[in-house]
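Atoms considered below: every heavy atom in the structure, side chains included; atoms not considered: hydrogens, waters and symmetry mates.
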Amino acid sequence: MKPTITPTHRRRGLMRHLGLASLAFGAALCAGSALAQAASPRWQPTKPIRMVVNLPPGTAMDSIARVLAVPVQEALGQQIVVDNRAGAGGLIGGDLVAKSPPDGYTLLATPGSLMAIVPFVYEKTAFDPNKDLMPIAGTARALLFLVAKPSLPANNIQEFIRHLKANPGKYSYGSAGNGSSPHLAGEMFKRDAGVNTTHVPYKGTAPALQDLLAGQLDYTFDAGASIDHVRSGRLKLLAIANTSKSSIFPDVPTLQEAGLKDFDASTVYGIYAPAGTPANVVARLNEEINKALQLKPVRDRIAALGAEVVTGTPVDLARSNQDDGKRFGAIARALHIRPD
């Protein structure tokens, strides 16, 4: 059930929605963290922590949250309870956390689309992701894979682009829904490659992938759910939709290598807290999350999802969201993309 979206934040120019509120807050947090920790004792939680995932169980963000929770809760001495609250493009889970007490006991695990895409495709929301949530730590950069049905007459990305150009309007691609990162990746690809294909939105990744496997779609941009099908030969992997190669498919070219300059449709999965969470709490959570991201079981799980481990400070995460927002915001505004 979708939430009632009430008008509390309107667009006030492009720069506000590029994550500058989070970036400024993150910078202040990093600058003042030493003073905060000197003035306050090292934060030690005294009760379980709730980590809200704003996507369904089994998604990449859910998997990352659960594998991270184990070492982080051991380090903190308190259980971390993962709570899936999916819906409305991640806004249901995000709203719940944004309106929770800023005490470190309620966190949000979310894809970067909540910060870098939602502000551009929703006219009105019940909260401002870049103002009402504060970054704690990045966890992984989600790469998108351009996958196609095996019967499509193209065996590499160059042949694929040539074939689409020769057959304008005859092929379709699916996405997890209007305004999702695969949707925007698909529109960026159409723009940069100069092809004309039809977008078919679905209610989530799974049904889009099912139709692709059944041959009812021609291609899609996928964040990792298709990996096993690529390995089994049921789908063709044609390109990586960002500027760096995939560690699990090192021989597959990026779209940039295929001639689409600076093509990058990736976003950063991250952990957030309600705005106003004390600096020493943020510092401790950031420290333990970054330590957990160095552990082999965590790194192996992230790699298996087709993503890349990301570590750093809160300001690093805010800056990544700002950069991603510039790319996604441009295409969303140009095409007037709105959610389902």
Under the side chain to side chain contact (heavy atoms under 4.5 Å, CB included) rule, what do Val97 and Arg50 come out as? Steps first, then yes or no, please.
CA-CA 10 Å; Val97 175; Arg50 180 187 191 188; over 6 Å; no

Start with the C-alpha distance between Asn178 and Ser180, add both sets of side-chain angles, then the distance that settles side chain to side chain donor-acceptor pair (under 3.5 Å), and finish with yes or no.
CA-CA 6 Å; Asn178 286 324; Ser180 65; over 6 Å; no

Show the numbers, then the answer: is there a side chain to side chain contact (heavy atoms under 4.5 Å, CB included) between Ser266 and Glu308?
CA-CA 10 Å; Ser266 63; Glu308 299 175 340; over 6 Å; no

I would like to know whether Ser175 and His199 meet side chain to side chain donor-acceptor pair (under 3.5 Å); could you show each step before the answer?
CA-CA 8 Å; Ser175 79; His199 172 232; 2.7 Å; yes

Please assess Val121 against Phe328 for the test side chain to side chain contact (heavy atoms under 4.5 Å, CB included), listing each intermediate value before the final yes or no.
CA-CA 10 Å; Val121 300; Phe328 287 115; over 6 Å; no

Walk me through it: do Asp222 and Thr205 pass the test side chain to side chain contact (heavy atoms under 4.5 Å, CB included)?
CA-CA 8 Å; Asp222 170 66; Thr205 298; 3.8 Å; yes

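A heavy-atom distance below 4.5 Å is found between the side chains of Leu108 and Asn54. At least one side-chain heavy atom of Val53 sits under 4.5 Å from a side-chain heavy atom of Val82. You'll find the side chain of Leu91 reaches within 4.5 Å of the side chain of Val118, heavy atoms only. Side-chain contact check for Leu317 versus Tyr272: some heavy-atom pair is nearer than 4.5 Å. Side-chain atoms of Lys236 and Phe160, non-hydrogen and from C-beta on, never get closer than 4.5 Å to each other. Taking 4.5 Å as the limit, some side-chain heavy atom of Met134 sits within range of a side-chain heavy atom of Val282. A heavy-atom distance below 4.5 Å is found between the side chains of Arg299 and Gln294. Using a 4.5 Å heavy-atom cutoff, the side chains of Arg319 and Val268 are not in contact.
A ring-centre distance under 6.0 Å is not found for Phe221 and His183.
Remark: Asp324 does not engage Lys326 in a salt bridge, criterion side-chain N to carboxylate O under 4.0 Å. A salt bridge links Asp95 to Lys99: at least one charged side-chain nitrogen sits closer than 4.0 Å to a carboxylate oxygen. Using a 4.0 Å cut-off between a side-chain N of Lys or Arg and a carboxylate O of Asp or Glu, Glu287 and Arg42 qualify as a salt bridge.
Among residue pairs with one or both ends in residues 64-75, those qualifying as salt bridge (charged side-chain N to carboxylate O under 4.0 Å, His left out) are Asp62-Arg66; sequence neighbours excluded.
For the residue pair Tyr171 and Pro153, the shortest heavy atom distance occurs at OH-CD, 4.3 Å. Pairing each heavy atom of Gly104 with each of Val281, the nearest pair is CA-CG1, 3.6 Å. Across all non-hydrogen atoms, the minimal contact from Asn130 to Asp128 is N-OD1, 3.0 Å.
Residue Phe145 belongs to a hydrophobic cluster whose other members are Leu143, Val147, Val200, Tyr202, Leu209, Leu212, Leu213, Leu217, Ile227, Val230, Leu235, Leu237, Ile240, Ile248, Phe249, Val252, with links defined by side-chain heavy atoms closer than 4.5 Å.
Within the model, atoms OH of Tyr269 and CG of Leu114 stand 13.0 Å from one another, a figure rounded to the nearest 0.5 Å. Atom CZ of Phe189 sits about 4.5 Å away from atom CD1 of Ile157, to the nearest 0.5 Å. To the nearest 0.5 angstrom, Asp264 atom CG is 7.5 Å from Ser244 atom OG. Note that CD1 of Ile337 and CZ of Arg333 are 11.5 Å apart. Values are rounded to the nearest 0.5 Å. How far CG of Asn286 is from CD1 of Ile271: 11.0 Å, rounded to the nearest 0.5 Å. Taken to the nearest 0.5 Å, the CD1 atom of Ile64 stands 5.0 Å off from the CD1 atom of Ile302.
Between Gln78 and Thr46, the side chains place no donor N or O within less than 3.5 Å of an acceptor N or O (distance only, hydrogens not considered). With 3.5 Å as the limit, one finds no donor-acceptor pair spanning the side chains of Ser320 and Asp323. Remark: the Arg301 side chain and the Ser63 side chain contain an N/O donor-acceptor pair separated by less than 3.5 Å.
Residues forming a salt bridge (Lys or Arg N to Asp or Glu O under 4.0 Å) with Lys296 (at least two apart in sequence, or on another chain): Asp300.
A cation-pi arrangement is present between Lys47 and Tyr105, with the terminal nitrogen or guanidinium carbon under 6.0 Å from the aromatic centre and inside a 45° cone about the axis.
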